[in-house]
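Reckoned from all heavy atoms, side chains included, excluding hydrogens, waters and symmetry mates.
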Amino acid sequence: MSSQNGKAKAFGLWSAIFLGIGSMVGAGIFIVIGQAGAIAGNIVWLSFVLGGIAAGLSGYSLAKLALRYPSRGGIVEYLVQGYGEGVFSGAASVLFYFSGLIAIAAIAKSFGTYAATFWHAQAEGWVVDAFALGILGFFLLVNLVGATFVARSENLIVLIKVTILVVFAVAALFTIKPQYLSASAMPPLKDMLFATGLTFFAYQGFSVITNTVEDMENPARTMMRAMMGAIAIVALLYIVTAVVVLGNLPLEKVIETKDYALAEAAKPVFGVWGFKIMAATALLATASAINASLYATPPTSAIPWPKRAIFPRSTATTSSAPSRGSSSA
């Protein structure tokens, strides 16, 4: 497909799916799977099933909204369309925008923390900050190049990190200890429900797919398929990963290493190198999430800010009136 000016669109079906996977499979899964496992034990995989269902329902609604109101503004555009330009939509738009910036900062900090461990300098705060600023600056340049380059870089990073996770999951299936997954070791079902709140967090990021609508080939056909496809692939990856982590580590070890249980679970399969490879994969995951999140946080000029809700009436009136010598749009 081509756009109206003759240029090919940046996102096809698989490019959009990879962008969604890149945003979802960030640093969260490397931490959440241990923390949720410490709560839900060997049935944490059910928490990931419920989290995936919730993500699928949310993604369906967002995909429908993206097709009804196609805009790089994403959720902010939907707020304005749903509630009009008022105090609520204005305040929510500002909060959403800044929450995106805070999320990017947190992911960049996670990248810096993982990167510093390879330099044996995890205690040095300036080293962590330097890595965080460096990766942020790099992907800012990537996003400035354009959506096509974002899509290509995300495709490559996602392919590498998902391949590593799939190889780990498949290999770890052969080292599972059945007693760790036995019904006698199951915690109460209410613990599984409590853990669902954490597992849903691991799916956060699927909304980035809606921001591609203006750069997407045939969005009427592609948007919903990309949204559901990305969530389904991530859900399958999370569920299998949860099974192999809780099947290779006793619950006591999961609780002890809950902040890095996924890397710890690689040790029985690949030894010490498995731990290092998973730490490196976490670097790729955070880098990919930064790239996708920066794309999903458009410049303020691309967002339909409801000016009347944010600025004083006199300012809004002045800014809306064309200046002398200028033509109205």
Side-chain angles (χ1 to χ4, degrees), residues 10-33 48 51-52 54-56 58-63 65-66 72-76 96-97 99-111 114 135-136 138-140 142-143 147-165 198-216 222-238 241 281-298:
F11 290 94
L13 174 62
W14 283 105
S15 294
I17 287 176
F18 280 175
L19 186 72
I21 294 174
S23 185
M24 283 186 277
V25 186
I29 182 57
F30 292 86
I31 299 174
V32 166
I33 197 165
F48 279 102
S58 299
Y60 178 85
S61 298
L62 285 175
L65 286 168
R72 276 291 308 276
I75 291 176
V76 174
F96 177 78
Y97 187 77
S99 70
L101 298 181
I102 293 170
I104 291 172
I107 298 170
K109 189 76 171 182
S110 296
F111 178 92
Y114 278 109
I135 195 66
L136 188 59
F138 174 75
F139 281 114
L140 277 173
V142 169
N143 275 261
T148 300
F149 195 49
V150 171
R152 289 175 179 174
S153 61
E154 194 69 9
N155 289 351
L156 177 61
I157 297 173
V158 168
L159 189 61
I160 294 172
K161 72 178 181 181
V162 169
T163 298
I164 292 172
L165 289 172
L198 281 174
T199 57
F200 179 74
F201 172 77
Y203 289 94
Q204 290 298 301
F206 54 82
S207 63
V208 67
I209 297 174
T210 64
N211 295 88
T212 69
V213 65
E214 293 182 352
D215 298 318
M216 179 179 283
T222 305
M223 176 58 70
M224 187 63 70
R225 295 169 66 200
M227 181 69 75
M228 294 297 103
I231 293 173
I233 291 172
V234 170
L236 180 61
L237 181 63
Y238 284 176
T241 302
T281 306
L283 281 179
L284 285 175
T286 50
S288 174
I290 290 169
N291 190 29
S293 298
L294 283 172
Y295 177 82
T297 307

At their closest point, which heavy atom of [X] faces which heavy atom of [Y], and how far apart are they?
| X | Y | result |
| --- | --- | --- |
| Leu284 | Ile157 | O-CG2, 3.6 Å |
| Ala66 | Val213 | O-CG2, 3.8 Å |
| Met224 | Ala63 | CE-CB, 3.6 Å |
| Thr241 | Leu237 | OG1-O, 2.6 Å |
| Ser23 | Val208 | CB-CG1, 3.7 Å |
| Met216 | Ala16 | CE-CB, 3.8 Å |

Taking side chain as C-beta onward, heavy atoms only, is [X] less than 4.5 Å from [Y]?
| X | Y | value |
| --- | --- | --- |
| Ile290 | Leu136 | yes |
| Thr222 | Phe11 | no |
| Arg225 | Ile17 | no |

Side-chain donor or acceptor of [X] paired with backbone N/O of [Y] under 3.5 Å:
| X | Y | result |
| --- | --- | --- |
| Tyr238 | Ala202 | yes |
| Thr212 | Ile209 | yes |
| Thr286 | Ala282 | yes |

Start with the C-alpha gap between Val25 and Leu165, add the side-chain angles, then the distance that decides, and say whether side-chain contact (heavy atoms from CB on, under 4.5 Å) holds. CA-CA 10 Å; Val25 186; Leu165 289 172; 3.9 Å; yes
Tyr60 and Met227: CA distance, side-chain angles, deciding distance, side-chain contact (heavy atoms from CB on, under 4.5 Å) verdict: CA-CA 7 Å; Tyr60 178 85; Met227 181 69 75; over 6 Å; no
Separation between [atom1] of [X] and [atom2] of [Y], rounded to the nearest 0.5 Å:
| X | Y | atom1 | atom2 | answer |
| --- | --- | --- | --- | --- |
| Leu140 | Ile135 | CG | CD1 | 10.5 Å |
| Phe206 | Ile21 | CZ | CD1 | 14.0 Å |
| Phe200 | Ser58 | CZ | OG | 4.5 Å |
| Thr163 | Leu159 | OG1 | CG | 4.5 Å |

Taking side chain to side chain donor-acceptor pair (under 3.5 Å) as the definition, give me every residue that meets it alongside Ser288, ordered by chain and number, with sequence neighbours left out.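 Ser288 satisfies side chain to side chain donor-acceptor pair (under 3.5 Å) with Glu154, Lys161 only.
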Counterpart residues, ring-ring contact (aromatic ring centres under 6.0 Å, His included), relative to Phe111 (two or more places apart):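 For Phe111, no residue satisfies ring-ring contact (aromatic ring centres under 6.0 Å, His included) once neighbours in sequence are set aside.
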